[in-house]
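Reading through the structure tokens given below for one structure.
In each ligand, atom 1 is the first atom listed, and ligand 1 is the first ligand listed. Values below: all heavy atoms of this structure, side chains included; hydrogens, waters and symmetry mates excluded.
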Amino acid sequence: MLHALIFDVDGTLAETEETHRRAFNATFAARGLGWVWDRPLYIELLRVTGGKERIAHYIAAHGAEPALAGAEIAALHEAKTARYTELMRQGTCGLRPGIVRLLDEAAAAGMRLAIATTTSLPNVVALLEATLGPGAAARFEVIAAGDMVAAKKPAPDVFLLALRELGLAPGDALAVEDSRNGLLSARAAGLPVLITQSAFTAHEDFAGAAAVVDSLGEPDTPARVLAGDLPGPVCVDLAALRRLHAATAHTAATMGSSGG
Ligand code: XBP
Ligand code: MG
């Protein structure tokens with residue numbers, strides 16, 4: 001039985017990575033660092049999840065100067081988060097197609113909702129409040145985010161934390177993600193995954209996803225099904241997710257019984 005949907009944030013709920021990139025660059029400029037992350041470089045750097053980890057990777061992999069120490073990176077990232085949340089409050093980002101529709105349907109049906117994200121908690125609250133109004137974070141029973149776990153995606157930790165807080169087994173839930181890192185994280189936690197590919201992840205390998213769509217779709221603009229067990233074009237609703245979840249449970253049971 002499907003008891004909960006666990007949503008990723010960046011790229012899944014909203015196309016936020018361009019705003020993250022703006023916030024990183026504005027912070028670097030304000031600190032006189034001379035670092036500029038253009039889109040092609042940012043696509044490469046997105047392979048590393050977590051803003052602090054991404055900055056450290058950039059310094060190491062690109063020989064960026066100065067080679068900041070951990071505490072300095074943390075302070076720089078805190079400034080970036082302040083800029084990002086301010087940009088969110090200015091309304092720079094809307095939710096992706098189908099997100100509000102699905103969240104409303106899930107709430108009406110008593111489907112439990114959670115978040116499992118690498119981004120920092122203030123960023124999650126800022127996005128939800130800017131798009132769904134004050135107190136919107138309460139729509140999610142559990143928000144597992146950022147530094148709440150030591151190992152970020154693709155490690156399973158953040159999805160395992162969300163499941164633990166929900167008191168559910170992996171087979172009771174389905175993850176909605178946009179990136180390969182998120183797919184690997186949720187799969188390692190034992191969750192079936194629907195991928196809604198995003199602007200920064202459309203090139204990635206989504207092998208292992210139960211299905212891949214270009215968005216959740218809306219009745220007047222259904223989504224394209226790019227892979228997996230969904231009849232396309234589709235407007236992803238709870239019935240579609242229940243069918244997808246049942247199909248993955250059946251496959252897992254068959255594989256298990258045949259020792260596959
Ligand atoms: C995406 C990430 C985050 C954001 C930046 O998170 O990897 O690091 O790019 O946010 P997810 P921070 O797709 O899991 O939501 O700077 O706060 O990390
Ligand atoms: Mg994401």
Can the positive tip of Arg39 be found less than 6.0 Å from the middle of the six-membered ring of Phe200, inside 45° of the ring normal?
->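 Yes, a cation-pi geometry holds between Arg39 and Phe200.
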Which pair of heavy atoms, one from Gly190 and one from Pro170, lies closest together, and at what distance?
->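 Closest approach of Gly190 to Pro170: O-CB, 3.4 Å.
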So which heavy atom on Val158 is nearest to which on Ser185, and how close?
->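 Result for this residue pair: CG1-OG, 4.2 Å.
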Determine which of the N, O or S atoms in [X] is closest to the Mg ion (ligand 2) and give its atom name.
| X | answer |
| --- | --- |
| Asp10 | O |
| Asp178 | OD1 |
| Asp8 | OD2 |

Tell me, do Tyr42 and Arg54 make a side-chain contact under 4.5 Å, heavy atoms counted?
->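 A side-chain contact exists here, since the closest heavy-atom pair is under 4.5 Å.
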Using a 4.5 Å cut-off on heavy atoms from C-beta on, say whether the side chain of Thr117 contacts that of Asn123.
->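 Side-chain contact under 4.5 Å: no.
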So, [X] and [Y], do they make that salt bridge, N to O below 4.0 Å?
| X | Y | answer |
| --- | --- | --- |
| Lys152 | Asp147 | yes |
| Arg89 | Glu129 | no |
| Asp178 | Arg96 | no |

Under 4.0 Å from ligand 1, counting heavy atoms only, is it the side chain of [X], its backbone, both or neither?
| X | result |
| --- | --- |
| Glu17 | side chain |
| Phe200 | neither |
| Asn123 | side chain |

Show which atoms of ligand 1 fall inside a sub-4.0 Å distance from at least one heavy-atom site of [X].
| X | answer |
| --- | --- |
| Phe24 | 16 (O) |
| Lys80 | 5 (C), 10 (O), 12 (P), 16 (O) |
| Thr117 | 6 (O), 11 (P), 14 (O), 15 (O) |
| Lys153 | 14 (O) |
| Val9 | 15 (O) |
| Gly51 | 8 (O), 12 (P), 16 (O), 18 (O) |

Which option out of His77, Arg47, Arg54 puts a heavy atom nearest to atom 7 (O) of ligand 1?
->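 The option holding the nearest heavy atom is Arg54.
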Nearest heavy atom to atom 13 (O) of ligand 1 wins, so pick from Asp8, Thr85, Thr118.
->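 Going through Asp8, Thr85, Thr118 one by one, Asp8 has the nearest heavy atom to atom 13 (O) of ligand 1.
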Determine, using heavy atoms of Gly50 and all atoms of ligand 1, whether some pair is separated by less than 4.0 Å.
->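 Flag set, Gly50 near ligand 1.
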Considering non-hydrogen atoms of the protein only, which is the closest contact for [atom], and what is the distance?
| atom | value |
| --- | --- |
| atom 10 (O) of ligand 1 | Thr119 OG1, 2.9 Å |
| atom 6 (O) of ligand 1 | Asp10 OD2, 3.2 Å |
| atom 17 (O) of ligand 1 | Ser120 OG, 2.7 Å |

Between Thr19 and Thr16: side-chain donor-acceptor atoms closer than 3.5 Å |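 Checked: Thr19/Thr16 side chains show no N/O donor-acceptor pair below 3.5 Å.
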Parallel, tilted or perpendicular for Trp37 and Phe24, by the 30°/60° rule?
->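 Geometry flag for Phe24 against Trp37: tilted rings.
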Between Leu5, Ile6, Ile115, which is the residue that forms a side-chain contact (heavy atoms from CB on, under 4.5 Å) with Phe140?
->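 Of the listed residues Leu5, Ile6, Ile115, the side-chain contact (heavy atoms from CB on, under 4.5 Å) partner of Phe140 is Ile115.
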